[in-house]
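All remarks here apply to the structure that follows.
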Amino acid sequence: MSNGLDMKPPGPRENAVVTGAASGIGAAVARRLWQRGANVFMIDRDVDGLRSVSSNADAHGGMVGIFQADVTDGEKIEGIFAEISRHGGVDSVVHCAGVARIGTVAEMDEATFDFVLNVNLKGTFLLAKHAMPFLVNRKGSFTAIASDAGTQGASGYAAYCASKHGVVGLIRSMALDHGPQGVRCNTICPGFVQTPMLDQLFADNPSDRAYYEKTVPLGRFARPEDVAELAAFISSPAGAYLNGAVIALDGGSTAGYFSSAATPG
Ligand code: NAP
């Protein structure tokens, strides 16, 4: 599959790159950005998913291109940014591609640990590394979707938690390194979000879903659109002073100890 599949010529407007755009949060971010008129360059390893998500973009006039790539393939990611830059530069990256695997350190094999760290942490590094020269040119914005597991422990999610803590540290360092060049780097840390990833995690224990939903002070899991709205805000002029922020988007789940039994009313 070649890069730039279904490419259409972009107009003089914001150019946004969204990874993990074939599903869940990334798909919602891509939709939100083309709804505000951005050219959206979507990256995912699932090309059928990319085609499906992008198929109704025309109505909003903002869709530009889809790229099939694994975010752990640095050479391919470098080539994609080079191609996108020929169509007018890069104003923002919202990096959503990620994987989750369940397991304690005792249960998990080394290959699974490496896989999770490679996709979630090294993938973020590769995206940032190859986007940065173009973001510097346009004084752009890099937003990574980490997780509430990036700021606190999560039982049974050892590798995922380690990878997301790594993403938070990486983005904070990027904010210090590249803020002076005009590039803003921020992290969104969602709690549970209703996506195919969550369905997969609860597939073996469906009763966990209701249990965990009760642990959220706002009483529901996030929708992908909740995350997309915040990602769109961060990369917009309204977010111009946000840099190095690690933003909890979890309905209050990480605000402190919560007991639904103690909730008034
Ligand atoms: P999702 O529905 O599974 O979507 C993730 C997308 O990323 C999928 O299309 C997936 O393709 C793609 N992807 C995975 N690994 C990739 C790789 N190496 N290269 C390219 N594409 C890859 O998941 P989501 O819930 O939207 O999650 C998006 C991000 O939010 C992830 O980083 C996740 O850790 C984070 N997050 C999710 C939740 C939640 O509750 N859902 C909570 C906090 C944080 P495949 O289908 O082929 O894997």
Side-chain angles (χ1 to χ4, degrees), residues 14-21 25-26 28-30 32-33 36 38 40-41 43 71-72 74 77-78 80-81 84-85 89-98 116-154 160-191 193 222 226-250 253-255:
E14 171 192 5
N15 283 343
V17 176
V18 183
T19 72
I25 294 168
V29 171
R32 180 64 186 84
L33 292 179
R36 81 168 177 210
V40 180
F41 298 84
I43 301 174
V71 296
T72 64
I77 296 300
E78 185 176 19
I80 288 174
F81 277 106
I84 293 171
S85 74
V90 179
D91 298 289
S92 62
V93 176
V94 184
H95 176 45
C96 309
V116 173
L117 268 286
N118 208 30
V119 174
N120 292 355
L121 182 52
K122 191 173 173 192
T124 306
F125 159 73
L126 290 171
L127 254 291
K129 177 176 176 55
H130 295 303
M132 198 52 70
F134 305 109
L135 292 175
V136 168
N137 276 345
R138 298 279 273 254
K139 301 206 180 310
S141 157
F142 188 100
T143 304
I145 310 301
S147 168
D148 58 2
T151 56
Q152 61 178 13
Y160 183 74
C161 204
S163 71
K164 294 298 188 177
H165 273 71
V167 169
V168 168
L170 182 67
I171 297 292
R172 280 182 160 145
S173 294
M174 285 165 51
L176 303 178
D177 290 337
H178 300 289
Q181 296 172 292
V183 180
R184 300 181 298 104
C185 300
N186 295 286
T187 314
I188 298 174
C189 292
V193 187
D226 294 317
V227 187
E229 201 59 44
L230 179 56
F233 174 86
I234 292 171
S235 65
S236 76
Y241 200 60
L242 274 175
N243 187 37
V246 179
I247 305 173
L249 188 74
D250 58 13
S253 297
T254 57

Return the set of residues passing side chain to side chain donor-acceptor pair (under 3.5 Å) with [X] (not counting sequence neighbours), or none when no residue passes.
X	answer
Thr254	Asp250
His178	Gln181
Thr72	Asp70

Nearest heavy-atom neighbours spanning [X] and [Y]:
X	Y	value
Gly98	Val119	CA-CG1, 4.1 Å
Cys161	Ala154	SG-N, 3.6 Å
Asn186	Ala245	OD1-N, 2.9 Å
Phe233	Leu242	CE2-CD1, 4.0 Å
Val94	Ala231	CG1-CB, 4.0 Å

For the backbone of Cys189 and the side chain of Ser147, can you confirm whether one donor and one acceptor N or O come within less than 3.5 Å of each other?
no

Between Thr19 and Ala97 (side chain of the first, backbone of the second, donor and acceptor by atom type, cut-off under 3.5 Å), is there such a pair?
yes

Who pairs with Ala175 by side-chain contact (heavy atoms from CB on, under 4.5 Å), at least two apart in sequence or on another chain?
Cys185, Asn243

Name all residues meeting the side-chain contact (heavy atoms from CB on, under 4.5 Å) criterion together with Leu121; count only those two or more places apart in sequence or in a different chain, and write none if there are none.
Leu117, Val167, Leu170

Answer yes or no: is there a side-chain heavy-atom contact under 4.5 Å between Ile80 and Val17?
no

Check: Val90 and Phe41 side chains under 4.5 Å, non-hydrogen atoms:
no

Does anything in residues 228-242 form a side-chain hydrogen bond (donor to acceptor under 3.5 Å, both in side chains)? List the pairs, not counting sequence neighbours.
Arg32-Glu229, Arg36-Ser235

Pairwise side-chain hydrogen bond (donor to acceptor under 3.5 Å, both in side chains) hits with a residue in residues 118-128, at least two apart:
His95-Thr124, Asn120-Ser163

Return the [atom1] to [atom2] distance between [X] and [Y], rounded to the nearest 0.5 Å.
X	Y	atom1	atom2	value
Thr187	Phe142	OG1	CZ	9.0 Å
Leu127	Phe81	CG	CZ	5.0 Å
Ile188	Leu230	CD1	CG	4.0 Å

Checking [X] now: which residues fulfil salt bridge (Lys or Arg N to Asp or Glu O under 4.0 Å) with it, not counting sequence neighbours?
X	answer
Arg184	none
Asp91	Arg138
Glu78	none

Using residues 128-137 as the side-chain source, report each donor-acceptor pair under 3.5 Å to any protein atom, sequence neighbours left out, with the distance given to one decimal.
unit_1: His130; atom_1: NE2; unit_2: Gly74; atom_2: O; d: 3.4

Among Ile145, Asp148, Asp226, which one satisfies side chain to side chain contact (heavy atoms under 4.5 Å, CB included) with Pro190?
Ile145

Sequence neighbours excluded, every pair satisfying salt bridge (charged side-chain N to carboxylate O under 4.0 Å, His left out) that has a member inside residues 169-180
none

Between Thr143 and Ser92, does a side-chain contact (heavy atoms from CB on, under 4.5 Å) hold up when you go through it step by step?
CA-CA 8 Å; Thr143 304; Ser92 62; over 6 Å; no

Intermediate values then yes/no, side-chain contact (heavy atoms from CB on, under 4.5 Å), Leu126 and Val71
CA-CA 7 Å; Leu126 290 171; Val71 296; over 6 Å; no

